[in-house]
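Okay, so here's the structure we're looking at.
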Amino acid sequence: MCYNTTKQRKEPRIPMRTFTFRELYEQKLYKEIPKSGGIYRILLPEDFEFIIKPTTDTVDGIAPIPVEELIGKWNQIENHDDRIVYIGKSVNLRRRIREYTRHGYGKAKNHTGGRAIWQLENNKELIIQIETCDTDIDPEAIESILLDEYYLAHNNTLPFANFKFGRYSTLNEK
(Lines give C-alpha, C1' and ligand atoms only; values in the text may rest on other atoms or scores of the structure.)
Protein backbone atom coordinates (compact mmCIF):
# COMPACT_ATOMS: atom_id res chain seq x y z
CA MET A 1 0.00 0.00 0.00
CA CYS A 2 1.05 3.56 -0.51
CA TYR A 3 2.50 5.17 2.56
CA ASN A 4 4.03 8.42 3.64
CA THR A 5 7.62 9.39 4.32
CA THR A 6 7.35 8.39 7.97
CA LYS A 7 6.66 4.84 6.72
CA GLN A 8 3.20 4.76 8.27
CA ARG A 9 1.03 2.77 5.93
CA LYS A 10 -2.15 4.36 4.59
CA GLU A 11 -5.01 2.79 2.71
CA PRO A 12 -4.90 3.53 -1.02
CA ARG A 13 -7.87 5.34 -2.51
CA ILE A 14 -8.43 2.51 -4.97
CA PRO A 15 -7.37 -1.13 -4.81
CA MET A 16 -4.03 -1.96 -6.36
CA ARG A 17 -4.50 -2.76 -10.09
CA THR A 18 -2.42 -4.88 -12.42
CA PHE A 19 -2.26 -5.02 -16.21
CA THR A 20 0.14 -6.37 -18.82
CA PHE A 21 1.57 -3.97 -21.37
CA ARG A 22 -0.22 -5.98 -24.07
CA GLU A 23 -3.61 -5.60 -22.32
CA LEU A 24 -3.15 -1.87 -21.85
CA TYR A 25 -2.07 -1.21 -25.41
CA GLU A 26 -4.29 -3.58 -27.36
CA GLN A 27 -7.43 -3.12 -25.28
CA LYS A 28 -6.85 0.62 -24.64
CA LEU A 29 -7.46 0.20 -20.91
CA TYR A 30 -5.81 3.50 -19.94
CA LYS A 31 -9.10 4.98 -18.68
CA GLU A 32 -9.08 2.35 -15.94
CA ILE A 33 -5.97 3.97 -14.52
CA PRO A 34 -6.58 6.97 -12.26
CA LYS A 35 -5.13 10.37 -13.06
CA SER A 36 -3.95 10.75 -9.47
CA GLY A 37 -0.40 10.35 -8.24
CA GLY A 38 1.10 7.11 -7.16
CA ILE A 39 3.67 4.47 -7.79
CA TYR A 40 3.96 1.60 -10.21
CA ARG A 41 6.04 -1.53 -10.30
CA ILE A 42 6.93 -3.58 -13.35
CA LEU A 43 6.92 -7.28 -12.48
CA LEU A 44 7.94 -10.47 -14.23
CA PRO A 45 5.02 -12.85 -14.73
CA GLU A 46 5.28 -16.35 -13.26
CA ASP A 47 7.47 -18.60 -15.43
CA PHE A 48 8.80 -15.62 -17.44
CA GLU A 49 11.83 -16.60 -19.49
CA PHE A 50 14.37 -13.85 -18.71
CA ILE A 51 16.16 -13.19 -22.01
CA ILE A 52 17.89 -9.87 -22.69
CA LYS A 53 17.92 -8.61 -26.30
CA PRO A 54 20.68 -6.39 -27.70
CA THR A 55 17.99 -4.20 -29.32
CA THR A 56 14.80 -2.43 -28.33
CA ASP A 57 11.51 -1.56 -30.07
CA THR A 58 11.52 2.02 -28.81
CA VAL A 59 12.05 5.06 -31.03
CA ASP A 60 13.78 7.42 -28.62
CA GLY A 61 17.11 7.39 -30.46
CA ILE A 62 18.96 6.28 -27.34
CA ALA A 63 21.29 3.33 -27.84
CA PRO A 64 20.29 0.14 -26.02
CA ILE A 65 22.15 -0.69 -22.83
CA PRO A 66 24.89 -3.27 -23.51
CA VAL A 67 23.61 -6.80 -22.85
CA GLU A 68 26.65 -7.64 -20.72
CA GLU A 69 25.89 -4.71 -18.39
CA LEU A 70 22.27 -5.81 -17.97
CA ILE A 71 23.23 -9.45 -17.40
CA GLY A 72 25.76 -8.33 -14.77
CA LYS A 73 23.15 -6.25 -12.98
CA TRP A 74 20.58 -9.07 -13.06
CA ASN A 75 23.12 -11.57 -11.73
CA GLN A 76 24.09 -9.25 -8.87
CA ILE A 77 20.51 -9.05 -7.56
CA GLU A 78 19.75 -11.61 -4.87
CA ASN A 79 16.27 -13.04 -4.36
CA HIS A 80 14.26 -12.61 -7.52
CA ASP A 81 11.20 -14.00 -5.73
CA ASP A 82 9.39 -10.64 -5.69
CA ARG A 83 9.76 -10.44 -9.52
CA ILE A 84 10.19 -6.61 -9.44
CA VAL A 85 12.20 -5.25 -12.39
CA TYR A 86 11.32 -1.54 -12.12
CA ILE A 87 9.82 0.89 -9.61
CA GLY A 88 8.49 4.24 -10.81
CA LYS A 89 6.32 7.13 -9.67
CA SER A 90 4.08 9.73 -11.21
CA VAL A 91 1.86 12.63 -10.24
CA ASN A 92 -0.52 11.43 -13.00
CA LEU A 93 -0.48 7.64 -13.27
CA ARG A 94 -2.70 7.43 -16.35
CA ARG A 95 -0.51 9.76 -18.40
CA ARG A 96 2.75 8.13 -17.24
CA ILE A 97 1.63 4.55 -17.87
CA ARG A 98 0.17 5.48 -21.28
CA GLU A 99 3.47 7.17 -22.24
CA TYR A 100 5.50 4.24 -20.95
CA THR A 101 3.38 1.67 -22.80
CA ARG A 102 3.34 3.61 -26.06
CA HIS A 103 7.12 4.07 -25.75
CA GLY A 104 7.55 0.28 -25.56
CA TYR A 105 5.48 -0.14 -28.71
CA GLY A 106 7.62 2.40 -30.59
CA LYS A 107 4.79 4.99 -30.65
CA ALA A 108 6.26 7.65 -28.35
CA LYS A 109 9.68 9.15 -27.70
CA ASN A 110 9.00 10.70 -24.33
CA HIS A 111 9.74 8.07 -21.69
CA THR A 112 13.28 6.87 -21.01
CA GLY A 113 12.99 5.82 -17.36
CA GLY A 114 13.04 2.06 -16.98
CA ARG A 115 14.02 1.62 -20.62
CA ALA A 116 15.93 -1.61 -19.91
CA ILE A 117 12.65 -3.52 -19.70
CA TRP A 118 12.17 -2.98 -23.44
CA GLN A 119 15.29 -5.08 -24.01
CA LEU A 120 13.61 -8.14 -22.51
CA GLU A 121 12.08 -10.73 -24.81
CA ASN A 122 8.31 -10.92 -24.38
CA ASN A 123 8.30 -7.50 -22.67
CA LYS A 124 4.64 -6.93 -23.58
CA GLU A 125 3.77 -9.70 -21.08
CA LEU A 126 5.38 -7.84 -18.16
CA ILE A 127 2.94 -6.88 -15.42
CA ILE A 128 2.34 -3.27 -14.36
CA GLN A 129 1.15 -2.96 -10.78
CA ILE A 130 -0.40 0.45 -10.09
CA GLU A 131 -1.08 1.96 -6.70
CA THR A 132 -2.47 5.42 -6.00
CA CYS A 133 -1.39 7.61 -3.10
CA ASP A 134 -3.39 9.98 -0.99
CA THR A 135 -3.12 13.56 -2.22
CA ASP A 136 -1.03 14.58 0.81
CA ILE A 137 1.65 11.98 0.02
CA ASP A 138 4.46 12.69 -2.45
CA PRO A 139 4.92 9.79 -4.91
CA GLU A 140 8.64 10.67 -5.15
CA ALA A 141 9.02 10.02 -1.43
CA ILE A 142 7.25 6.66 -1.78
CA GLU A 143 9.46 5.71 -4.73
CA SER A 144 12.57 6.60 -2.70
CA ILE A 145 11.47 4.44 0.21
CA LEU A 146 10.63 1.49 -2.05
CA LEU A 147 13.94 1.74 -3.92
CA ASP A 148 15.88 1.95 -0.64
CA GLU A 149 14.03 -1.10 0.73
CA TYR A 150 14.68 -3.05 -2.46
CA TYR A 151 18.36 -2.09 -2.47
CA LEU A 152 18.88 -3.29 1.09
CA ALA A 153 17.01 -6.55 0.48
CA HIS A 154 18.70 -7.40 -2.83
CA ASN A 155 22.48 -7.38 -2.39
CA ASN A 156 22.79 -3.58 -2.54
CA THR A 157 21.40 -3.43 -6.05
CA LEU A 158 18.48 -1.47 -7.47
CA PRO A 159 15.82 -3.24 -9.55
CA PHE A 160 16.92 -4.40 -13.00
CA ALA A 161 15.65 -1.32 -14.90
CA ASN A 162 16.29 1.29 -12.16
CA PHE A 163 19.68 2.98 -12.41
CA LYS A 164 19.41 5.70 -9.79
CA PHE A 165 17.97 6.18 -6.33
CA GLY A 166 14.89 8.28 -5.67
CA ARG A 167 15.29 11.96 -4.88
CA TYR A 168 14.59 11.42 -1.17
CA SER A 169 16.72 8.30 -0.75
CA THR A 170 18.63 7.92 2.47
CA LEU A 171 21.09 5.69 0.60
CA ASN A 172 21.66 7.99 -2.38
CA GLU A 173 25.32 8.15 -3.28
CA LYS A 174 25.91 11.82 -3.90
Output field: ring centroids Tyr105/Phe21 closer than 6.0 Å: no
Separation between CD1 of Ile130 and CD1 of Ile128, rounded to the nearest 0.5 Å: 6.0 Å
Any donor-acceptor N/O pair, Lys89 side chain to Ala141 backbone, under 3.5 Å: no
Aromatic ring pairing Phe50/Phe160, orientation class (parallel under 30°, perpendicular over 60°, tilted between): perpendicular
Verdict with supporting geometry, Leu126 and Leu43, side chain to side chain contact (heavy atoms under 4.5 Å, CB included): CA-CA 6 Å; Leu126 293 170; Leu43 310 171; over 6 Å; no
Expected output: side-chain Asp148 to main-chain Thr170 donor-acceptor under 3.5 Å: yes
Nearest heavy-atom neighbours spanning Pro45 and Arg83: C-NE, 4.0 Å
Side-chain heavy-atom pair Ile65, Thr56 within 4.5 angstrom cut-off: no
Check: Glu140 main-chain N/O paired with Asp138 side-chain donor or acceptor under 3.5 Å: yes
Any side-chain heavy-atom pair of Phe163 and Leu158 under 4.5 Å: no
Polar side-chain atom of Gln119 near backbone of Lys53 as donor-acceptor pair, under 3.5 Å: yes
Sidechain-backbone polar pair: Asn155 side chain, Gln76 backbone, donor-acceptor under 3.5 Å: yes
Sidechain-backbone polar pair: Arg94 side chain, Tyr30 backbone, donor-acceptor under 3.5 Å: yes
Pairwise side-chain contact, Asn162 with Tyr151, heavy-atom cut-off 4.5 Å (strictly under): no
Nearest-0.5 Å distance, CD of residue Glu125 to CZ of residue Arg22: 4.0 Å
Ionic contact status for Arg41 with Glu131, cut-off 4.0 Å: yes
Approximate separation, where rounding is to 0.5 Å, of His103 NE2 and Thr58 OG1: 4.0 Å
Chi angles and distances behind the side chain to side chain contact (heavy atoms under 4.5 Å, CB included) call for Val85, Trp74: CA-CA 9 Å; Val85 289; Trp74 181 250; 4.0 Å; yes
From Ile51 atom CD1 to Asn122 atom CG, the distance as rounded to the nearest 0.5 Å: 7.0 Å
Check: Glu99 main-chain N/O paired with Lys107 side-chain donor or acceptor under 3.5 Å: no
Contacts of Thr20 that satisfy side-chain hydrogen bond (donor to acceptor under 3.5 Å, both in side chains) - sequence neighbours left out: none
Side-chain (Asp134) to main-chain (Ile137) donor-acceptor, under 3.5 angstrom: no
Gap separating the CZ atom of Arg98 from the NZ atom of Lys31, nearest 0.5 angstrom: 9.5 Å
Minimum heavy-atom distance Gly38-Cys133, with the two atoms named: CA-SG, 3.7 Å
Spatial distance of atom CD1 (Ile33) from atom OG1 (Thr132) [nearest 0.5 Å]: 12.0 Å
Ser169 side chain to Phe165 backbone, donor-acceptor under 3.5 Å: no
Contact check, side chains of Pro159 and Leu147, non-hydrogen atoms, under 4.5 Å: yes
Whether His154 and Tyr150 hold their rings parallel, tilted or perpendicular, with breakpoints at 30° and 60°: parallel
Residue pair Pro34 / Leu93: nearest heavy atoms and the distance that separates them: O-CB, 3.5 Å
Any donor-acceptor N/O pair, Asn123 side chain to Leu120 backbone, under 3.5 Å: yes
Contact summary for Tyr168 and Ser144, nearest pair of heavy atoms: N-OG, 2.9 Å
Shortest non-hydrogen separation from Glu143 to Gly166 and the atoms involved: OE1-CA, 4.2 Å
Within-4.5 Å side-chain heavy-atom neighbours: Tyr100 and Arg115: no
Co-membership, hydrophobic cluster, residues Ile62 and Val67, 4.5 Å side-chain: no
Close side-chain approach of Gln129 and Arg17, heavy atoms under 4.5 Å: no
Nearest heavy-atom neighbours spanning Glu32 and Phe19: OE1-CE2, 3.9 Å
